[in-house]
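The next block holds one structure in the form of structure tokens; read it before the comments.
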There are 2 protein chains.
Amino acid sequence: MLSISSKCRYGILAVLALGENHGGGLMQIKDIATAKNVPRQYLEQIFNRLVNAGIVNSVRGKKGGYRLAHSPEKITIFDLVEVLEGGVQLVGINEPQDAVSELFGRAQVSLKKTFEITLADLIVRQQALLENVMFHI
Amino acid sequence: MLSISSKCRYGILAVLALGENHGGGLMQIKDIATAKNVPRQYLEQIFNRLVNAGIVNSVRGKKGGYRLAHSPEKITIFDLVEVLEGGVQLVGINEPQDAVSELFGRAQVSLKKTFEITLADLIVRQQALLENVMFHI
DNA sequence: TTAAACTTGAGTGCTCCGCTCAAGATAACC
DNA sequence: GGTTATCTTGAGCGGAGCACTCAAGTTTAA
């Protein structure tokens with residue numbers, strides 16, 4: 001089954017939370033885990049990846065936490081997918097030039113385009129969705 | 001790593017071969033395996049799936065083989081991906097209405113669109129590629 | 001020094017991938 | 001009617017990754 005892992009979904013949700021809080025100080029993993037309903041220890045692993053990839057900064061010790069390493073305009077969801085999913089590679093680099101590889105290549109390009117939205121854009125979209133929910137109450 | 005399995009690639013290549021031969025009788029698995037450079041016994045498994053899905057017909061016994069169950073105009077590559085990859089499900093059906101799920105939904109749609117090309121179209125494209133190769137010799 | 005936070009490494013049960021092996025069942029052909 | 005070429009079915013196997021959990025760390029504020 002071609003699907004996106006929970007790891008990736010969890011990671012994007014967590015980074016989205018950091019993005020919504022950008023400039024507002026540190027966020028702690030237990031709060032994010034609770035808010036987004038993600039197993040805390042699993043989220044720790046995910047944050048490790050993000051820290052190692054330089055997307056997120058960590059501060060250790062009491063009153064520690066995480067924050068974005070760059071502004072939301074400079075982070076794309078594709079960056080996150082690469083780190084969390086280990087890349088997107090529908091077509092191998094050494095494949096013969098046949099119609100099937102060509103098709104897979106097109107699929108890969110369209111997927112990449114979809115994910116090349118910035119975190120800033122995603123935050124805006126998320127707020128729009130929230131307002132929509134408010135409107136319907 | 002988000003990627004398409006060899007199984008899927010092999011299967012599409014094999015169905016492409018059947019499609020190119022459509023109306024020309026049966027093809028045998030050993031010939032397809034040799035032509036497309038796929039392990040024969042593995043290709044047998046793949047053909048079983050395609051037969052069970054009603055995409056391909058098999059004829060047993062000596063002089064047996066495989067053929068398409070429908071004309072290439074009626075088979076889409078998405079059909080094949082569903083059977084061989086077990087579906088494409090970037091966004092779960094019970095996910096909250098957040099910006100991340102929405103994005104995954106868009107990715108899924110664009111992937112589906114790319115794969116909704118018919119086998120007939122793929123055959124045409126493959127022939128065009130072959131002619132192009134000839135031209136460059 | 002204590003407690004709250006991140007860090008690191010290991011382990012676990014599960015499923016799938018990419019095959020291979022070993023028998024079958026079926027049908028054409030001599 | 002037996003051989004032989006084909007498809008069919010079921011099993012197994014090593015490796016990888018998923019989705020976690022467990023168990024210790026280390027660091028820092030208070």
Side-chain angles (χ1 to χ4, degrees), chain A residues 1-14 18 25-34 36-69 81-90 92, chain B residues 1-14 18 25-34 36-69 81-90 92:
Chain A
M1 175 84 115
L2 196 64
S3 66
I4 285 185
S5 62
S6 298
K7 187 186 314 192
C8 190
R9 210 183 116 70
Y10 291 164
I12 296 176
L13 283 172
L18 294 187
L26 298 168
M27 294 187 84
Q28 286 163 8
I29 213 167
K30 65 169 187 211
D31 297 328
I32 300 176
T34 307
K36 302 293 181 180
N37 203 30
V38 177
R40 204 193 94 251
Q41 306 199 83
Y42 194 32
L43 192 55
E44 286 174 1
Q45 277 184 30
I46 293 170
F47 266 108
N48 276 341
R49 282 202 191 204
L50 293 168
V51 169
N52 289 334
I55 292 172
V56 156
N57 285 151
S58 70
V59 175
R60 299 167 72 137
K62 203 169 177 176
K63 297 266 175 181
Y66 295 95
R67 72 167 88 86
L68 292 184
V81 173
E82 284 220 302
V83 169
L84 297 167
E85 201 71 51
V88 174
Q89 192 86 34
L90 300 192
Chain B
M1 175 86 116
L2 196 63
S3 65
I4 285 185
S5 61
S6 298
K7 187 185 317 195
C8 189
R9 211 184 114 69
Y10 291 164
I12 296 176
L13 283 172
L18 293 187
L26 298 167
M27 295 187 84
Q28 285 162 9
I29 213 167
K30 67 169 187 212
D31 297 328
I32 300 176
T34 308
K36 302 293 182 181
N37 203 30
V38 177
R40 202 192 95 251
Q41 307 200 78
Y42 194 32
L43 192 55
E44 288 174 0
Q45 279 184 29
I46 294 170
F47 265 109
N48 276 340
R49 282 202 192 204
L50 294 168
V51 169
N52 289 333
I55 292 174
V56 156
N57 285 149
S58 69
V59 174
R60 299 167 73 137
K62 203 168 176 177
K63 298 268 176 177
Y66 295 94
R67 72 167 89 86
L68 293 184
V81 173
E82 284 220 303
V83 169
L84 297 166
E85 202 70 53
V88 173
Q89 193 86 35
L90 300 191

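All figures in this text were calculated on a predicted structure; none of them were measured in a lab. A note on names: the letters A, B, ... follow the listed sequences, proteins ahead of strands, and every chain is numbered from 1.
Between Tyr42(B) and Asn48(A), it is Asn48(A) whose nearest contact on DNA chain C lies nearer the 5' terminus.
Regarding contacts with the backbone of dC16(C), every side-chain N or O of Ser5(B) stays at 4.0 angstrom or more from both OP1 and OP2. Tyr66(A) has a side-chain polar atom (N or O) that falls below the 4.0 Å cut-off from OP1 or OP2 of dT7(C). For dG18(C), one of the phosphate oxygens OP1 or OP2 lies less than 4.0 angstrom from a side-chain nitrogen or oxygen of Ser6(B). Contact annotation: Tyr10(B) side-chain N/O to dC19(C) OP1/OP2 distance is under 4.0 Å. Contact annotation: Lys30(A) reaches the phosphate of dA5(C) (side-chain N/O to OP1 or OP2, under 4.0 Å).
Taking the six-membered ring where the residue is Trp, Phe47(A) and Tyr66(A) present parallel rings, their angle staying beneath 30° rather than reaching 60°.
Side-chain proximity of Gln28(B) to the nucleotides dC7(D), dC18(D), dC19(C) is greatest for dC7(D). You'll find that the side chain of Lys7(B) is closest to dG18(C), out of dT26(D), dT8(D), dG18(C).
Side-chain atoms of Gln41(A) and base atoms of dT7(C) include no donor and acceptor less than 3.5 Å apart.
Checking each of Asn48(B), Leu50(B), Val83(B) against Val56(B) for a side chain to side chain contact (heavy atoms under 4.5 Å, CB included) leaves exactly one that passes, namely Leu50(B).
With the 3.5 Å cutoff on both pairing distances, Watson-Crick and G-U pairs in DNA chain C assemble into runs of at least 3 at C:1-30 with D:1-30.
Among the protein residues, Phe47(A) comes within range of no part of the nucleic acid, since none of its heavy atoms lies under 4.0 Å from any strand.
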